[in-house]
Amino acid sequence: MQFRKIRLTGFKSFVDPTELIIEPGLTGIVGPNGCGKSNLVEAIRWVMGETSAKQMRGGEMNDVIFGGTSNKPARNIAEVGVLMDNSARRAPVGFNEHLELEITRRIERDKGSAYRVNGKEVRARDVQLLFADASTGARSPGLVSQGRIGSIINAKPSDRRMLLEEAA
Amino acid sequence: MQFRKIRLTGFKSFVDPTELIIEPGLTGIVGPNGCGKSNLVEAIRWVMGETSAKQMRGGEMNDVIFGGTSNKPARNIAEVGVLMDNSARRAPVGFNEHLELEITRRIERDKGSAYRVNGKEVRARDVQLLFADASTGARSPGLVSQGRIGSIINAKPSDRRMLLEEAA
Amino acid sequence: GRERLLASFGKVNASFEELFVRLFGGGRAYLELIESDDPLEAGLQIMASPPGKKLQALSLLSGGEQALTALALIFAVFLTNPSPICVLDEVDAPLDDSNVDRFCLLLEHIAKETGTRFLVVTHHRMTMARMDRLFGVTMAERGISQLVSVDLTGVERLRAIA
Amino acid sequence: GRERLLASFGKVNASFEELFVRLFGGGRAYLELIESDDPLEAGLQIMASPPGKKLQALSLLSGGEQALTALALIFAVFLTNPSPICVLDEVDAPLDDSNVDRFCLLLEHIAKETGTRFLVVTHHRMTMARMDRLFGVTMAERGISQLVSVDLTGVERLRAIA
Ligand SMILES: Nc1ncnc2c1ncn2[C@@H]1O[C@H](COP(=O)(O)OP(=O)(O)OP(=O)(O)O)[C@@H](O)[C@H]1O
Ligand SMILES: Nc1ncnc2c1ncn2[C@@H]1O[C@H](COP(=O)(O)OP(=O)(O)OP(=O)(O)O)[C@@H](O)[C@H]1O
Ligand SMILES: [Mg+2]
Ligand SMILES: [Mg+2]
């Protein structure tokens, strides 16, 4: 399975529908401090089933919904979708009949998250297993957040060992 | 009192005698990773009487002495000197007769540090008080080490309050 | 004990509010003592809203916004008792160019107001361009550092050493 | 449990030793389990010697050397089970130009070997110059992010947005 594109609406500072195409090789993301680059990174983690609001720099999961500005009111719904290419037909059973897989996660304020794969409602667990099967996921070693390098450097040796446990 | 220059010999990666002139305004220090910039910063902290080896990224104070390379043997002595201008005659009693003050700290492997002011041997405490009187010193808020910003951001609120206590 | 801490808090907070606006070119921020009525037991919370954004706790700001806010706090404490020397080791690492510009303006301002001499360790080309002079640290011989004077007009040559 | 961790340790360590040399252009490093004979209780210690320098624990290296070593560890774990996507948020912040160059070479190498697609958030001009394409994130309207395509030849214009 391979990533094709990410779509965000109402997710943190990305209030309007936004689409990021994921092409082969190296794609750079640039911009001034506070413009939303890490928010974009968090959207990818979130749609893959991240359950800890703390990992998203929030106190609760509602915090990922666009909170409003002085000119625009807050929203009540946030949605992130990821389009996967499944032409190699390696997706888990139950999801493997399609050439493309669209996984979406939608949160409604105070009502929690709902997940869909190609429009069909599934549980968070199904999405987490789907991505784990594709060697990725919210806790993948390949998702390196902005504070991660610092916390590896400053970690106690016993905490660092847990890095290995995730690889085992 | 104002800083004029810093001299280092045998201090960490600065094995040969090195002199840094401290002029008015803004002086930039540049160079590749690992070339010795933070070592220079630590030398300034050290000569002002820093007592914690941990603050110098070491296990013990001997670690500030040049440890040798594949081509050069380790040294047994490290010395840092700072030349202060005292033309405003504001230095503490006992040090105020001179227009210039040279404070040096010298460490001999396994024999600890010796401090001198204009050649006369003094205690570490005298040097710490001298710099405190000049509104500076090893724990001055004006010495911002490489990890400091990160630790302020990640600090627990009670630890951050201690910042204020140092200012009080 | 308690009065001194509260007086110091008031002084640092006033300075912090002003420095934040200088560094961000707007917005507002303030400090608050939380978790206890006793200031000697309380925690120091930082609330900040960069220009045009909602007021939030420090932890919800972006990486660069957090660093710039922490710098405002460091300088606020510094200015309650300015030192003749101020040494900054790579504090500008997470900042973009416009924030670095305001950061350098603040250093120039403090240098002029208090006579403080600054040593600024940096990898940022824009910071280098704003210095009065540059010293390069090199390791021509492995493991051995040497200090060299760097020509300010030769900033492009710095690509090789920084 | 124990065998799996030891097998994983062996695999990650081998990969780590090789990646360290690629990122530093030399030197050597290795991982070791310390503080306990039981691997499930042990700590993970990192020993490293950048080219020409003594072998030391991670804590004694410079800021940039520590970051580059941590990157070697992250990629060593990554390569035991390569993911189709790898997202790196400002991991190059403390690196100088020559280390950034080797870092980008490694990303190109991994992309070619495993088909992994990389998203690299960066403020570093040299990293931007090595990307296959660039997207800019802007906040033209305060507090609201928009994604724009950035022309690779327009890197100088990036001064305004990064
Ligand atoms: N729920 C939300 N609604 C609206 N805005 C939000 C929300 N959550 C966070 N933000 C805003 O998003 C901004 C943070 O963006 P982000 O962390 O992505 O910046 P960045 O581009 O990574 O910057 P840096 O280069 O400093 O790391 C903050 O200004 C914050 O106010
Ligand atoms: N006692 C010592 N003797 C010899 N070399 C030492 C000693 N202590 C530290 N070093 C060396 O000094 C180097 C660290 O230098 P320093 O931390 O000043 O780098 P830096 O220029 O600040 O780099 P960065 O830009 O990555 O922060 C390390 O390579 C370390 O091996
Ligand atoms: Mg960020
Ligand atoms: Mg350093």
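The sequence lines fix the lettering, A, B, ..., with proteins before strands; numbering per chain opens at 1.
- A salt bridge links D:Arg130 with D:Asp101: at least one charged nitrogen is closer than 4.0 Å to a carboxylate oxygen.
- Using the six-membered ring where Trp is involved, D:Phe78 and D:Phe75 have ring planes that are perpendicular, over 60° apart on the 30 and 60° scheme.
- Between chain A and the options D:Thr80, D:Leu31, D:Thr69, D:Ile74, heavy-atom pairs under 4.5 Å are most frequent for D:Ile74.
- Checked by atom type and distance alone, the side chain of A:Asp133 never pairs as donor or acceptor with a backbone atom of A:Leu130 at under 3.5 Å.
- With a 6.0 Å radius and a threshold of 12 heavy atoms from other residues, nucleotides or ligands, A:Arg109 has its CZ atom above the threshold.
- Only the backbone of A:Met1 comes within contact range of chain D, with at least one heavy atom under 4.5 Å from a heavy atom of that chain.
- Contacts of D:Glu141 with chain A are made by side-chain atoms alone, with heavy-atom separations under 4.5 Å and no backbone atom involved.
- Remark: the D:Asp38 side chain and the D:Ser36 side chain contain no N/O donor-acceptor pair separated by less than 3.5 Å.
- Atom OG1 of A:Thr136 sits about 7.0 Å away from atom CE of A:Met84, to the nearest 0.5 Å.
- Of the residues considered (A:Arg148, A:Met162, A:Gln2, A:Lys37), A:Gln2 shows the highest number of contacts with chain D, using heavy-atom pairs under 4.5 Å.
- Interface remark: A:Lys12 contributes no atoms to any contact with chain D (heavy atom separation under 4.5 Å).
- When heavy atoms are compared at a cutoff of 4.5 Å, A:Ile44 approaches chain D solely by way of its side chain, counted from C-beta outward.
- Side-chain contact between D:Lys54 and D:Ser49: absent, with no pair of heavy atoms (C-beta onward) separated by less than 4.5 Å.
- A:Asn118 places a side-chain N or O within 3.5 Å of a backbone atom of A:Glu102 that can act as its donor or acceptor partner.
- In this structure, the side chain of A:Arg161 engages the main chain of D:Ala42 through a donor-acceptor pair within 3.5 Å.
- Heavy atoms of D:Ile110 lying under 4.5 Å from chain A are absent altogether.
- The CG atom of D:Leu95 sits 9.0 Å away from the CG atom of D:Leu23 when rounded to the nearest 0.5 Å.
- Proximity to chain D is limited to the side chain of A:Phe66, based on heavy atoms less than 4.5 angstrom apart.
- Only the side chain of D:Leu58 comes within contact range of chain A, with heavy atoms under 4.5 Å apart.
- Contact annotation for D:Pro94: neither backbone nor side-chain heavy atoms come within less than 4.5 Å of a heavy atom of chain A.
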When you look at D:Val120 and D:Thr127, which way does the side chain to side chain contact (heavy atoms under 4.5 Å, CB included) test go after all the steps?
CA-CA 9 Å; D:Val120 185; D:Thr127 306; 4.0 Å; yes
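- With chain D as the partner, the residue from A:Ile153, A:Ile152, A:Thr69, A:Val15 showing the most heavy-atom pairs under 4.5 Å is A:Ile153.
- When all heavy atoms are compared, the tightest approach of D:Ala67 to A:Ile149 is CA-CG2, 3.8 Å.
- The aromatic rings of A:Phe131 and A:Phe3 lie parallel to each other, with less than 30° between the two planes, well short of the 60° mark.
- Among the candidates D:Ile34, D:Leu71, D:Asp132, the residue making the largest number of heavy-atom pairs closer than 4.5 Å to chain A is D:Asp132.
- Interface residue D:Arg133: backbone and side-chain heavy atoms are both found under 4.5 Å from chain A.
- Heavy-atom pairs under 4.5 Å with chain A peak, among D:Leu147, D:Leu33, D:Ile144, D:Val77, at D:Ile144.
- Residue contact with chain D, scored on non-hydrogen atoms closer than 4.5 Å, involves the backbone and the side chain of A:Glu23 alike.
- Both the backbone and the side chain of A:Leu20 come within contact range of chain D, judged by heavy atoms closer than 4.5 Å.
- Both the backbone and the side chain of D:Val121 come within less than 4.5 Å of a heavy atom in chain A.
- Looking at D:Asn13, its side chain never comes within 3.5 Å of a backbone N or O of D:Gly10 through a donor-acceptor pair.
- If you measure heavy-atom distances from A:Ser13 to chain D, the contacts under 4.5 Å come from both the backbone and the side chain.
- Only the side chain of A:Ser140 comes within less than 4.5 Å of a heavy atom of chain D; its backbone N, CA, C and O stay farther away.
- Ranked by heavy-atom pairs shorter than 4.5 Å toward chain A, the options D:Cys86, D:Ala111, D:Gly43, D:Pro84 are led by D:Pro84.
- With respect to chain A, the highest number of heavy-atom pairs below 4.5 Å among D:Thr116, D:Val87, D:Leu119 belongs to D:Val87.
- By number of non-hydrogen pairs under 4.5 angstrom with chain D, the leading residue of A:Ile21, A:Thr18, A:Val144 is A:Val144.
- For D:Leu61, no part lies under 4.5 angstrom from a heavy atom of chain A.
- Of the atoms belonging to D:Gln66, heavy atoms from both backbone and side chain fall under 4.5 Å from chain A.
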